[in-house]
Asks: 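To start, I am sharing the structure in question, which I have written as structure tokens.
Protein chains get the first letters and strands the later ones, always in sequence-line order, with residue 1 at the start of each.
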Amino acid sequence: MNTEETAPGKHFIRQIIERDVRSGKWSGRVVTRFPPEPNGYLHIGHAKSVCLNFGMAAEYGGTCHLRMDDTNPVKEELEYVEAIKEDVRWLGFDWGEHFHYASDYFEQMYKYAVELIRQGNAYVCALSSEEWKDYRGIPEKPGMESPHRNRPVDENLELFSMMRAGEFPDGAMVLRAKIDMGSPNLHMRDPVLYRILKAKHPHTDGVWCIYPTYDFAHCLEDSIEGITHSLCTLEFEVHRPLYDWILDKLGIHHPQQIEFARLNMTYTVMSKRKLINLINEGYVDGWDDPRLPTVRGMRRRGVTPASIRNFCERIGVTKYDSLTDTALLEHFIRDDLNRHATRALAVLNPVKLIIENYPEDEEEEFDAVNNPESPDAGTRKIPFGRELYIEREDFMEDPPKKYYRLAPGREVRLRYACLITCTGVKKDEVSGEIEKIYCRWDPDSRGGGAPDGRKVKGTIHWVSARHAGEADVRLYDRLFNVEEPGADNGEDYLTHINQDSLRTVKAKVEPSLMNAAAGSHIQFERLGYFYADHVNSKPGKPVFNRTATLRDQWAKKGQ
RNA sequence: UGCCGGAUGGUGUAACGGUAGCACAGCAGACUCUGAAUCUGUGAGUCUAGGUUCGAAUCCUAGUCCGGCAACCA
């Protein structure tokens, strides 16, 4: 069918699904789900799962549900629900009619629990969590059976209904599955199915005081929704026997749980705890800080949904842990933005340039290409005059051999404008800092072409001093200066914070930039990709966040 | 020290008993009104030891190393 040679190989989950579709298992249906717990914002690791679940469904003509896994009332908040929906939608996915809450199934789950009790496969246990530690035992040694393990069915039924009725305090009793206290898998040693939690649930609001645990709830949620392939991360592998056990005992629709490795990336942290800490301790400004790997953060930085999707496709899906180079994400960001970002001229670190042989009162306009990758984007006019700003880094008094920007006596091209030759500089008498650079232009090079075909190696960007606007530009860099800041699981990551992860500068920008639409992606030529911050940027007072720098061979040479 | 997973260039991955390939990163060059993009070339890999086989990254055995599991979290 697909003969594309460059297509990535089929990862193991794709293979399983394809095999199932072909064999007619589930009558060829594919139903997946993305089941976040609404107690935090989504990050790039979640995005991998979102892309996988929605991607597989789309690829095989199936559906993917978005489900709030809200089985723990004390940890969840409503504010996250809308944020999660917004993030998933922004990533480019649509759950159609299938937005669900696990808590909507509580009544059904309760009935399944009763069924398990009737079968003799679950019992009410009054051991405290402290006591249970001893009973459960350790991996190397079998546990002991609870003294309540053989409670008669009728008594269990009675007690369980009393639990529901709120007749016991928190923690007084739990419902346990009766499985095997000798199992080498701790999760099979009579795991808790229900606990008493007299807390107000944000979604069911006071109806319940007992709540199902993840292990009991999750397989039932999947079953009730008719999920076919339940994709989750590696740490749930040891839970799979329990997932299967519950569904088998109940004899209901039984999806296949498949585990894959979660995403790790260099120079960042992904754990919710660490992310919260960075915010609370003021290292960053909030969940949507552009330095964070959160979906909202990336969005504010100017990362596009397409680049995230492409990235997630390229990193593949495996069953072993890995550490993905942030450079790979950056590649897809540049790849997308190169094709779609409008070009503009902006000077981040300005120094005055004066064209001696250009009349003081004169000015003119030059045509500039909006996007060389997309001719349809057209051109625009940029004003030019005797006094300009250029980038301080684009001039050197005493340049090394391979430097082909401006220097005394050297000729360069002003992008889209003309050729100039440097005639001298004026420095501050005390500091020695260069205040002004002088040059002469070649009027025959109007528009930037070389009249006699002479080769001019360097082209630099500029902005007319008289017409320049001023804009706040935030230069973001990686948040940590080591590849694996979270390697040692303590608080060590805080010592690896990059103190220079944000620098704000006042940039001189071409006039068109002053009215940049909030939310637009722009390439500042020769500098990088920038994003008109949808939170802070206003017409007339733009604020740009640097999404990524352009690749820079000169910088790599170490200069 | 019990159980469950896993191991392919610097990084992410493919190959499903038949020439170890792709992408990123690196390096070199071409082109260029962005030191960008594009194009070309290039170095670099099957954890170890045995075995099966005409042939092993792939199958078997043993070992090494890595990850996960002892919440009434998910």
Asks: So which nucleotide from rG12(B), rC72(B), rA74(B) ends up closest to the side chain of Val174(A)?
Replies: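 Taking heavy atoms from C-beta onward, the closest nucleotide is rC72(B).
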
Asks: If we take the C1' atom in both rG9(B) and rA15(B), what is their distance in whole Å?
Replies: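 rG9(B) and rA15(B) have their C1' atoms separated by 15 Å.
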
Asks: Would you mind classifying the nucleic acid contact of Glu330(A) as base, sugar-phosphate or nothing, using non-hydrogen atoms under 4.0 angstrom?
Replies: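 Glu330(A): no heavy atom of the nucleic acid under 4.0 Å.
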
Asks: Could you work out which one of rC69(B), rC72(B), rG12(B) sits closest to the side chain of Ser129(A)?
Replies: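 Ranking rC69(B), rC72(B), rG12(B) by closest atom to the Ser129(A) side chain puts rC72(B) first.
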
Asks: Examine the base of rU34(B) for any acceptor or donor lying under 3.5 Å from a partner atom in the side chain of Arg343(A), and report the outcome as yes or no.
Replies: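 Such a pair exists between side chain and base.
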
Asks: Looking at Thr318(A), does any N or O in its side chain come under 4.0 Å of the phosphate oxygens OP1/OP2 on rU13(B)?
Replies: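 So the side-chain polar atoms of Thr318(A) do come within 4.0 Å of the phosphate oxygens OP1 or OP2 of rU13(B), strictly under.
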
Asks: Can you check the distance between rU13(B) and rG29(B), where both ends of the measurement are the C1' atom (answer in whole Å)?
Replies: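 rU13(B) and rG29(B) have their C1' atoms separated by 28 Å.
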
Asks: Give me, pair by pair, the N or O atoms of the protein and of nucleotides 5-8 of chain B that are less than 3.5 Å apart, along with how far apart they are.
Replies:
none

Asks: Of the nucleotides rU34(B), rG68(B), rG35(B), which has the atom closest to the Arg405(A) side chain?
Replies: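 In terms of side-chain proximity for Arg405(A), the closest of rU34(B), rG68(B), rG35(B) is rG35(B).
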
Asks: Looking for any heavy atom pair under 4.0 Å, which part of the strands does Lys141(A) touch: base, sugar-phosphate only, or nothing?
Replies: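 Answer is nothing: Lys141(A) stays at 4.0 Å or more from every strand.
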
Asks: Does any nucleotide pair with rG2(B) by Watson-Crick or G-U wobble geometry, both distances under 3.5 Å, and what is it?
Replies: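 In the structure as shown, rG2(B) has rC69(B) as its Watson-Crick or wobble partner.
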
Asks: Decide whether a cation-pi geometry holds between Arg151(A) and Tyr123(A); the criteria are a distance under 6.0 Å from NZ or CZ to the six-membered ring centre and an angle within 45° of the ring axis.
Replies: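 Verdict for Tyr123(A): no cation-pi partner in Arg151(A).
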
Asks: rA74(B) and rG45(B): how far apart are their C1' atoms, nearest whole angstrom?
Replies: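 Comparing C1' positions in rA74(B) and rG45(B) gives a spacing of 38 Å.
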
Asks: Both Pro139(A) and Glu525(A) contact RNA chain B. Taking the nearest nucleotide for each, which residue is further toward the 5' end?
Replies: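 The 5'-side residue here is Pro139(A).
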
Asks: Please give the distance between the P atoms of rG55(B) and rG50(B) as a whole number of Å.
Replies: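 After rounding to an integer number of Å, I get 16 Å for this pair.
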
Asks: Looking at Lys200(A), I'd like to know if its NZ atom is crowded, meaning that more than 12 non-hydrogen atoms belonging to other residues, nucleotides or ligands lie closer than 6.0 Å.
Replies: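 Open.
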
Asks: So does Arg551(A) get a side-chain nitrogen or oxygen closer than 4.0 Å to the phosphate oxygens (OP1/OP2) of rG26(B)?
Replies: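 Yes, Arg551(A) has a side-chain N/O under 4.0 Å of OP1/OP2 on rG26(B).
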
Asks: Any base atoms under 4.0 Å from Leu242(A), or only sugar-phosphate, or nothing? Heavy atoms, all strands.
Replies: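 Since no nucleic acid heavy atom lies under 4.0 Å of Leu242(A), the category is nothing.
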
Asks: Quote, to the nearest angstrom, the C1' distance that separates rU52(B) from rC60(B).
Replies: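 So the two C1' atoms sit 7 Å from each other.
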
Asks: Searching all strands shown, indicate the nucleotide that pairs with rC59(B) (Watson-Crick or G-U wobble; both distances under 3.5 Å).
Replies: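 In the structure as shown, rC59(B) has rG51(B) as its Watson-Crick or wobble partner.
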
Asks: Would you confirm whether the ring centroid of Tyr320(A) sits within less than 6.0 angstrom of the ring centroid of Phe260(A)?
Replies: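 No: the rings miss the under 6.0 Å criterion.
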
Asks: So what's rG21(B) paired with, Watson-Crick or G-U wobble, going by both distances under 3.5 Å?
Replies: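 Here rG21(B) is engaged in a pair, and the nucleotide opposite it is rU13(B).
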
Asks: Using a heavy-atom cut-off of under 4.0 Å over every strand shown, decide if Gly458(A) touches base, sugar-phosphate, or nothing.
Replies: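 If one applies the 4.0 Å heavy-atom cut-off, Gly458(A) turns out to touch nothing in the nucleic acid.
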
Asks: For the residue pair Phe34(A) and His46(A), categorise the inter-ring angle as parallel (less than 30°), tilted (30 to 60°) or perpendicular (more than 60°).
Replies: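 Rings of Phe34(A) and His46(A): perpendicular, as their planes differ by over 60°.
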
Asks: Specify the residue among Tyr194(A) and Glu140(A) whose closest nucleotide of RNA chain B lies further upstream toward the 5′ end.
Replies: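 Of the two residues, Glu140(A) wins.
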
Asks: Give none if rC27(B) has no partner; otherwise give the nucleotide forming a Watson-Crick or G-U wobble pair with it, both distances under 3.5 Å.
Replies: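 rG41(B) is the nucleotide pairing with rC27(B).
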
Asks: Under 4.0 angstrom, heavy atoms only, what part of the nucleic acid is Leu550(A) near: base, sugar-phosphate, or nothing?
Replies: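 Base, at least one base heavy atom under 4.0 Å.
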
Asks: Tell me what Leu323(A) touches on the nucleic acid: a base, only sugar-phosphate, or nothing, going by heavy atoms under 4.0 Å.
Replies: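 Leu323(A): backbone/sugar contact only, no base atoms under 4.0 Å.
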
Asks: Determine which nucleotide pairs with rU34(B), using a 3.5 Å limit on both distances of a Watson-Crick or G-U wobble pair.
Replies: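 Matched rU34(B) with nothing under the 3.5 Å cut-off.
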
Asks: Does a side-chain N or O from Lys556(A) land closer than 4.0 Å to OP1 or OP2 of rG26(B), or not?
Replies: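 For Lys556(A), the contact criterion (side-chain N or O under 4.0 Å from OP1 or OP2 of rG26(B)) is met.
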
Asks: Step through it carefully: locate the ring centre of Phe384(A), locate the ring centre of Phe366(A), and say whether they are under 6.0 Å apart.
Replies: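 Ring centroids of Phe384(A) and Phe366(A) are less than 6.0 Å from each other.
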
Asks: What is the base-pairing partner of rU46(B), counting Watson-Crick and G-U wobble geometry with both distances under 3.5 Å?
Replies: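 Check on rU46(B): unpaired, no WC or wobble geometry under 3.5 Å.
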
Asks: OP1 or OP2 of rA25(B) versus the side-chain N and O atoms of Gln553(A): is any pair under 4.0 Å?
Replies: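 For rA25(B), OP1/OP2 do not have a side-chain N/O of Gln553(A) under 4.0 Å.
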
Asks: Pick the P atom in rA62(B) and in rU19(B), then give their distance to the nearest Å.
Replies: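 Between the two P atoms, the distance is 29 Å.
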
Asks: Think Arg195(A) has a side-chain N or O under 4.0 angstrom from the OP1 or OP2 of rC73(B)?
Replies: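 The answer is yes; a side-chain N or O of Arg195(A) sits under 4.0 Å from OP1 or OP2.
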
Asks: Parallel, tilted or perpendicular: which fits the ring planes of Phe160(A) and Tyr194(A), with parallel below 30° and perpendicular above 60°?
Replies: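 Judged by the thresholds at 30° and 60°, the geometry between Phe160(A) and Tyr194(A) is perpendicular.
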
Asks: Under 3.5 Å, is there any donor-acceptor pair linking the side chain of Lys455(A) to the base of rU32(B)?
Replies: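 No such pair is found, so the answer is no.
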
Asks: Any N or O donor-acceptor pair under 3.5 Å from the base of rA74(B) to the side chain of His239(A)?
Replies: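 Flag set: donor-acceptor pair detected.
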
Asks: What form does the base of rA30(B) take, syn (within 90° of 0) or anti?
Replies: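 rA30(B): anti glycosidic orientation.
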
Asks: Is the base of rC24(B) touched by the side chain of Arg334(A) through a donor-acceptor pair closer than 3.5 angstrom?
Replies: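 Answer no: no donor N or O sits under 3.5 Å from an acceptor.
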
Asks: If you look at every strand shown and take non-hydrogen atoms under 4.0 Å, does Gly316(A) touch a base, only sugar-phosphate, or nothing?
Replies: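 No contact at all - Gly316(A) keeps every heavy atom at 4.0 Å or more from the nucleic acid.
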
Asks: Nearest 0.5 Å, what's the CG-CG distance between Leu414(A) and Leu353(A)?
Replies: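 Reported value, rounded in 0.5 Å steps: 6.5 Å.
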
Asks: Tell me whether His239(A) contacts the main-chain N or O of Asp215(A) through its side chain, where contact means a donor paired with an acceptor under 3.5 Å.
Replies: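 It does not hold such a pair.
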
Asks: Distance check: side-chain N/O of Thr71(A) vs OP1/OP2 of rC73(B), anything under 4.0 Å?
Replies: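 Result: no.
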
Asks: Would Arg189(A) count as a cation-pi partner of Trp132(A), with NZ or CZ less than 6.0 Å from the six-membered ring centre and within 45° of the ring normal?
Replies: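 The answer is no; the distance or angle limit is not met.
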
Asks: Taking Ser445(A) for its side chain and Gly448(A) for its backbone only, find out whether a donor-acceptor pair lies under 3.5 Å.
Replies: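 Such a contact is absent between Ser445(A) side chain and Gly448(A) backbone.
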
